[in-house]
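Computed from a predicted structure; not experimentally measured.
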Amino acid sequence: GSRFPFIYSWSPSTDIQNPSSANPMVFPKEDRWYKLAVSTGRCETIEDSVLVTINDLPVVEVSPQQSIGSGSSVELDATGCIGNTWTPEGTLDDPQVCNPVASPLINTTYTVEVVDENGCISTAEVTVLVQNALFIPTLFTPNGDGNNDTFKVFGSGIKELTLAIYDKEGNPVFTSSDLRQILETGWDGTNNGNMLKNETYIWTIAGIYFDGNQIEYNGSTRGIIKLVR
């Protein structure tokens with residue numbers, strides 16, 4: 001209510017945008033008390049103080065980089081999420097949950113923004129690579145040691161696949177069009193329950209990716225696999 005101008009003086013002046021302002025912005029790096037002295041005309045100087053507390057940022061971690069084939073989906077995951085939003089939203093089933101399902105058509109980097117109860121914000125990113133991929137090993141060892149015991153095909157973006165395996169005389173020893181069996185279970189080196197001998201076998205593949213392209217490995221639909229017990 002003074003007829004004279006008010007003079008404001010904040011201290012310490014460290015990390016204050018304008019220490020002579022009535023309501024300056026402050027940027028402390030740790031908890032800090034700020035003291036204010038106000039004077040006007042010949043009136044007595046009045047002092048007050050305020051504590052600015054620094055809250056830790058929320059800790060958020062996301063799933064590692066993912067690789068999927070065209071037409072496939074993958075679940076993302078963010079730990080430590082409270083109130084959060086994923087972007088870009090267009091290829092997510094629900095951008096407001098901790099673990100949305102992503103179905104990108106191209107390589108996409110998703111960012112999750114997490115806001116805690118104090119209004120503090122942290123962000124994290126995860127990239128989903130969209131690519132058709134195939135790898136077929138040349139050796140497997142079905143000896144029961146739990147390591148490389150089955151012949152499996154590895155890949156992403158596969159919609160349909162048939163795997164056939166023949167001995168050197170051209171006799172079929174294994175055939176499957178079950179994707180889970182081909183990619184996860186694999187061939188155990190037997191035929192009708194009988195263990196086959198150590199030698200080289202011929203495999204053939206036929207199938208398509210989700211984008212319609214025919215499946216080949218190194219430009220071919222056949223190759224060899226060595227069985228070594």
Side-chain angles (χ1 to χ4, degrees), residues 8 10 12-36 48-135 152-161 178-180 182-185 207-213 215:
Y8 301 93
W10 290 90
S13 59
T14 306
D15 302 321
I16 293 184
Q17 191 176 58
N18 184 356
S20 60
S21 170
N23 49 358
M25 293 292 294
V26 297
F27 307 93
K29 297 179 176 61
E30 58 186 3
D31 293 358
R32 176 169 294 163
W33 282 95
Y34 289 93
K35 183 178 180 181
L36 171 65
D48 203 348
S49 58
V50 59
L51 174 64
V52 177
T53 302
I54 304 300
N55 297 310
D56 292 330
L57 291 175
V59 177
V60 55
E61 296 181 357
V62 295
S63 45
Q65 178 174 284
Q66 304 290 319
S67 179
I68 63 173
S70 176
S72 298
S73 300
V74 65
E75 184 178 271
L76 308 180
D77 183 57
T79 59
C81 62
I82 305 172
N84 62 280
T85 302
W86 288 86
T87 55
E89 302 180 0
T91 52
L92 299 174
D93 65 336
D94 187 347
Q96 306 296 324
V97 298
C98 294
N99 53 344
V101 175
S103 306
L105 301 177
I106 59 174
N107 295 347
T108 303
T109 297
Y110 294 95
T111 301
V112 60
E113 181 180 274
V114 175
V115 183
D116 67 11
E117 61 273 9
N118 298 313
C120 298
I121 300 174
S122 286
T123 61
E125 294 181 344
V126 56
T127 298
V128 178
L129 302 177
V130 181
Q131 55 188 353
N132 292 332
L134 192 72
F135 172 72
K152 294 181 287 189
V153 173
F154 301 87
S156 61
I158 299 172
K159 182 179 181 180
E160 299 174 3
L161 183 63
D178 184 334
L179 269 181
R180 176 168 292 184
I182 297 171
L183 301 178
E184 299 178 16
T185 306
I208 58 173
Y209 293 104
F210 278 100
D211 61 9
N213 287 324
I215 292 178

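Distance check: Glu30 CD to Ile54 CD1 gives 8.5 Å after rounding to the nearest 0.5 Å. Atom-to-atom distance recorded for Leu129:CG and Asn107:CG is 5.0 Å, nearest 0.5 angstrom. Arg32 CZ to Ser49 OG: the interatomic distance, rounded to the nearest 0.5 Å, is 14.0 Å. For the atom pair Ile208 CD1 and Asn213 CG, the distance stands at 9.5 Å (nearest 0.5 Å). Considering CG of Asp178 and CG of Leu161, their distance stands at 10.5 Å, rounded to 0.5 Å. Residue Ile158 holds its CD1 atom at 12.5 Å from OG of Ser70, rounded to the nearest 0.5 Å.
Taking the six-membered ring where tryptophan is involved, the planes of Tyr110 and Trp86 are perpendicular, since the angle between them exceeds 60° and thus also 30°.
Looking at heavy atoms from C-beta onward, Asp93 lies in side-chain contact with Pro100 at the 4.5 angstrom threshold. In this structure the side chain of Pro28 reaches within 4.5 angstrom of the side chain of Tyr34, judged on heavy atoms. Counting only heavy atoms from C-beta outward, the side chains of Asp77 and Asn99 approach each other to under 4.5 Å.
Under the rule for a side chain to side chain donor-acceptor pair (under 3.5 Å), Thr87 has no partner lying at least two apart in sequence or in another chain. Remark: Ser103 pairs with Ser73 by the side chain to side chain donor-acceptor pair (under 3.5 Å) rule, at least two apart or across chains.
When all heavy atoms are compared, the tightest approach of Ile106 to Val130 is O-CG2, 3.3 Å. Counting all heavy atoms, side chain and backbone alike, Asp116 lies closest to Asn118 at OD1-N, 2.9 Å. Minimum interatomic distance between Ala102 and Pro104 (heavy atoms only, all atoms of both residues): C-CD, 3.4 Å. Between Ser72 and Phe210, the shortest heavy-atom contact is OG-CE1, 3.6 Å. When every heavy atom of Trp10 is checked against every heavy atom of Ser21, the shortest pair comes out as NE1-O, 2.8 Å. Contact between Lys152 and Glu184 at its shortest, heavy atoms only, is CD-O, 3.1 Å.
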Passes side-chain contact (heavy atoms from CB on, under 4.5 Å), Val128 versus Ile68? Steps please.
CA-CA 7 Å; Val128 178; Ile68 63 173; 3.9 Å; yes

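Between the side chain of Asn84 and the backbone N or O of Val97, at least one donor-acceptor pair lies under 3.5 Å.
Applying the side chain to side chain donor-acceptor pair (under 3.5 Å) rule to pairs touching residues 53-69 yields Ser67-Gln131, sequence neighbours excluded.
Counted within 6.0 Å of CG on Leu105, heavy atoms from surrounding residues, nucleotides or ligands total 12 or fewer; the atom is thus considered open.
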